[in-house]
Structure formats: structure tokens, C-alpha cells
Amino acid sequence: MAEQLVIPAPGDFSFPECLAYLMRSADECMFRVEDGVVTRALEVEGEPVIFGMSDHPDGVAVRFLDGYRPAGQTGMDKVAGYVRDWLDLDRDLRPFYELGEGDPILREAVREHRGLRVVGIPDLFETFVWAILGQQITVAFAYVLKKRFVETFGTAVEAGGRTYWIFPEASKVAGLEPGVLRELKITGRKSEYIIGTARLIADGELTKEGLLELRDDKLIQKELTDIRGIGPWTANYLLMRCLRSPDAYPAADVGLHNALKLAAGMDRKPTLPEVETFAEPWTGWRAYATFYLWRLLH
DNA sequence: GTCCAGGACTCGC
DNA sequence: GCGAGTCATGGA
């Protein structure tokens, strides 16, 4: 696996911090982490590509597995773009750190995890499924459900004695009956939500580009919450992880509440109004604040 | 057994 | 518009 490309990163980027986040579950099925290298498969121009990314003095090193490298420059650029999106490499975090250093609640998380980026989920359908699965259950169980889902409907790429998974296309899920997902222990409602969004995406009614064109977070949130199964938490989660809003704020998030309790030294979880009030000074960076606060829980 | 997890829907008022 | 009940599984 010869070195193929180095993706330059701006200052305030720490690969190890992003890696620590990526390693939070042994049940993660979309990539594997070994010896500091994150390896995954991706479909690029109709062909499976497998690449590993690791730390590099100038940013992120990307190496391709022999036999699974992009055919041409366009494919190479797509992988580079994917990594830039995945790790949010095009963002200048200086304003956030300026904010965080002066904030009593954020200070510790910001100092402890400097260089961490909001790790994204570039694929819209994948984010929908992940967000819906994550509603109201433990993250650990959500990982188990995602693994079952991917291993049932996704595409396996066997290479180098290992199996890599490509997330299923929305069109493959759009025609399923909810009962099929129920067998995986996904609740009936979530099964309907997943199939419903799969249909919207497969039909082209719902696209990442179309959502991004709305520009405004509030408009996007409205568009998303009009979809059955997508409430405020899920909409903001999508904004944060896929649409890359630095300001999305999943205020109802239980993990956020626990982190705020910890960071603010409270003896109880904050109420929803308190959660909103805490975040007022973070306006513009509430997604980053949330992501950093989450890290306090690990 | 009870409660809680990275919520959202439905219903009654 | 708001509160309470329901959904469903798994771990503490």
C-alpha cells in the first residue's frame, strides 16, 4: 500500500483526536481502525475503492489498497473530497476556540480535545438511518442495529482477508416491508421511518444538495421535520453530521444533557430551557460545542 | 422489577 | 398548543 496522497489540514487539526472519536465503538461496521489507520470501502464512480487514512505532519495521509484504488484523477479527487468532508478539514476553528476558551462550560472540553473536528457522515441516507436508529436508545445498541442493517442490505467487499461494507443505496431499502427491518430488532416505527426516508431519497425528492440550497438552518430544519419520523433532535443531528452546520443544536439530546450536567457542575440534568440558555453564547458554533461536550462523557 | 438510553408520534383536552 | 401515553430493546 504505497502512499498516494496527503490531504493538507489547517491549523487546529488533530488526527488523534478525531481517531479517538472514531474508535468509540468496537461495533462500528463502516470502517475499521487498526494501528492508527482508519480503513474503509467507498463506491467511487461505480467501483469499490478501499483506502486507509492516518496521521501525517501536513494533515492526513491516504493510502489505497492494491486493486482498489480509483481509476483516474476524478476518482482520486472524490476520495480526497470525502476525507475533507468526513473530518471537516475546510473549517477555520479559531473563532470557536476563542469562544470556548472564554466560556466556563466549554473551556475544559476545548482544552482537552483541541484539534477535534465534528466528524461527519457525508452520505445523506446513511445519516438518516444512523440518526433514526439512534433515537431514544443507547449508542451501543444503535451500533448493533446499524451493523445488522448494513450486513443485511449493504454490499460486502472482501479484500486482504477482511470484509469492508458499503452502505446500502436508498433504492435498495425503499421497497422493503417494515417487517423485514423488525426482524433485526429495529422498532416498527423506526422501520417505517427508515423506509419512508429511503423512498424520498430514492425518488430524488430528498437530496443533500437540495437541502443545502436552502442555506438557512431553520429552513432546512423545517423541511426535515416535515418528514415523518424526523423531529427536532434528528433534524439537528442531520444538520450537524451531514449538512455540516457548525451551529446545529440537538437540544433534546440526552448525551448533551449529561455532558452539560458534568461541565456545569450540576447535581441534576439541566431542563430544556436551561439547555437553550447555556448555548446562547455559543450561537454560530453550537454543533461544535455539542460535539466537544459529548467527548466529556468518554 | 424498575429505570434509562444520542426521540417522535398520537391522542385527548 | 401542551401533557401523558406508547413504542421496543438491552444494560445497569
Side-chain angles (χ1 to χ4, degrees), chain A residues 20-30 109 113 116-121 126-149 151-152 177-200 206 220-245 247-263 266-276 278-279 282 286-298:
Chain A
Y21 173 79
L22 291 167
M23 290 176 70
R24 71 188 175 138
S25 172
D27 284 316
E28 173 61 61
C29 60
M30 295 309 297
H113 299 287
L116 172 68
R117 304 267 152 174
V118 171
V119 176
I121 307 173
E126 183 179 337
T127 317
F128 264 103
V129 173
W130 179 232
I132 291 168
L133 288 179
Q135 293 168 357
Q136 183 58 22
I137 57 173
T138 57
V139 175
F141 185 45
Y143 272 108
V144 172
L145 293 177
K146 181 174 80 161
K147 188 175 164 74
R148 287 181 192 152
F149 179 84
E151 291 181 352
T152 305
E177 292 297 327
V180 181
L181 298 187
R182 277 292 292 125
E183 288 174 23
L184 308 180
K185 301 304 178 190
I186 296 171
T187 67
R189 281 189 187 168
K190 287 184 185 179
S191 300
E192 292 171 13
Y193 301 162
I194 288 170
I195 292 167
T197 56
R199 285 185 181 150
L200 290 174
L206 183 60
I220 298 174
Q221 185 175 327
K222 172 72 170 70
E223 190 83 0
L224 290 172
T225 51
D226 279 346
I227 301 168
R228 182 172 143 80
I230 310 303
W233 177 85
T234 311
N236 280 279
Y237 190 90
L238 280 152
L239 274 162
M240 173 170 63
R241 301 291 309 277
C242 185
L243 303 175
R244 291 240 154 270
S245 158
D247 192 41
Y249 193 50
D253 188 272
V254 176
L256 174 65
H257 299 176
N258 288 327
L260 284 171
K261 174 187 170 187
L262 196 64
M266 303 170 75
D267 58 0
R268 58 168 176 83
K269 288 199 281 187
T271 62
L272 204 48
E274 286 173 334
V275 171
E276 297 285 2
F278 277 137
W282 313 334
R286 289 178 298 179
Y288 259 87
T290 300
F291 205 74
Y292 271 69
L293 286 169
W294 276 344
R295 297 306 291 146
L296 294 179
L297 302 174
H298 295 270

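This one's a predicted model, so the numbers in the text were calculated from it and none came from an experiment. Per chain, numbering begins at 1; letters A, B, ... match sequence-line order.
Between A/Trp233 atom CH2 and B/dA5 atom P the separation is 14 Å, expressed in whole Å. Here B/dG7 presents its P atom at 17 Å from CG of A/Leu224, a figure rounded to the nearest Å. Atom CG in A/Asp253 sits about 10 Å away from atom P in B/dA8, given to the nearest Å. Distance NZ (A/Lys185) to P (B/dA5): 24 Å, rounded to an integer number of Å. What separates CZ of A/Arg268 from P of B/dC4 is a distance of 15 Å, to the nearest Å. Spacing between atom CZ of A/Phe141 and atom P of B/dG7 amounts to 14 Å, rounded to whole angstrom units. In this structure, A/His257 atom NE2 and B/dA5 atom P are separated by 10 Å, rounded to whole Å. Distance CG (A/Asp226) to C1' (B/dA8): 14 Å, rounded to an integer number of Å.
Put simply, the side chain of A/Thr127 gets close to the backbone of A/Ile121: a donor and an acceptor are under 3.5 Å apart. Within the 3.5 Å criterion, the main-chain N or O of A/Gln135 finds a donor-acceptor partner in the side chain of A/Lys190. A donor-acceptor pair under 3.5 Å is absent between the side-chain atoms of A/Tyr143 and the main chain of A/Ala26, judged by distance alone. Without hydrogens or angle criteria, A/Arg148 side chain to A/Glu183 main chain gives no donor-acceptor distance under 3.5 Å.
Nucleotides C/dA8 and B/dC11 have their P atoms positioned 15 Å apart, rounded to a whole Å. Spacing between B/dC3 and C/dA4 at atom P, rounded to whole Å, works out to 16 Å. Nucleotides C/dC2 and B/dA5 place their C1' atoms 24 Å apart, quoted to the nearest Å.
The side chain to side chain contact (heavy atoms under 4.5 Å, CB included) test with A/Ile132 is passed by exactly one of A/Ile186, A/Ile230, A/Leu238: A/Ile230.
Chain A approaches DNA chain C within less than 4.0 angstrom (heavy atoms of the protein), and the contacting nucleotides run 5' to 3' from C/dT6 to C/dG10.
OP1 and OP2 of B/dC4 both lie 4.0 Å or more from every side-chain N or O belonging to A/Thr138.
Across the interface with DNA chain B, nearest-nucleotide mapping of A/Arg228 and A/Tyr143 shows A/Tyr143 to be the residue nearer the 5′ end. Place A/Gly134 and A/Thr225 on DNA chain B by their nearest nucleotides, and A/Gly134 ends up nearer the 5' end.
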| request: Walk me through it: do A/Glu177 and A/Arg182 pass the test salt bridge (charged side-chain N to carboxylate O under 4.0 Å, His left out)? | output: CA-CA 9 Å; A/Glu177 292 297 327; A/Arg182 277 292 292 125; over 6 Å; no

| Between A/Asn236 and A/Gln221, does a side-chain contact (heavy atoms from CB on, under 4.5 Å) hold up when you go through it step by step? | CA-CA 7 Å; A/Asn236 280 279; A/Gln221 185 175 327; 3.3 Å; yes

| request: Tell me, with the steps shown, if A/Leu145 and A/Ile137 meet side-chain contact (heavy atoms from CB on, under 4.5 Å). | output: CA-CA 11 Å; A/Leu145 293 177; A/Ile137 57 173; 3.7 Å; yes

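A/Gln136 comes within 4.0 angstrom of a base, heavy atoms only. Nucleic acid contact class of A/Pro232 (heavy atoms, under 4.0 Å, all strands): sugar-phosphate only.
Note that the CD atom of A/Glu28 and the NZ atom of A/Lys146 stand 3.5 Å from one another [nearest 0.5 Å].
Residues of residues 291-298 of chain A having a heavy atom closer than 4.0 Å to DNA chain C: none are found.
Under the 30°/60° scheme for interplanar angles, the aromatic rings of A/Tyr249 and A/Trp282 are found to stand perpendicular. Between A/Phe291 and A/Tyr21, the ring-plane angle classifies as tilted under the 30° and 60° cut-offs.
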| said: Counting Watson-Crick and G-U wobble pairs with both distances under 3.5 Å, what is the dot-bracket string for DNA chain B, 5' to 3', using [ ] for crossing pairs and | for pairs to another strand? | reply: .||||.|||||||

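In plain terms, the two heavy atoms of A/Phe278 and A/Pro270 that are nearest each other are CE1-CB, 4.0 Å.
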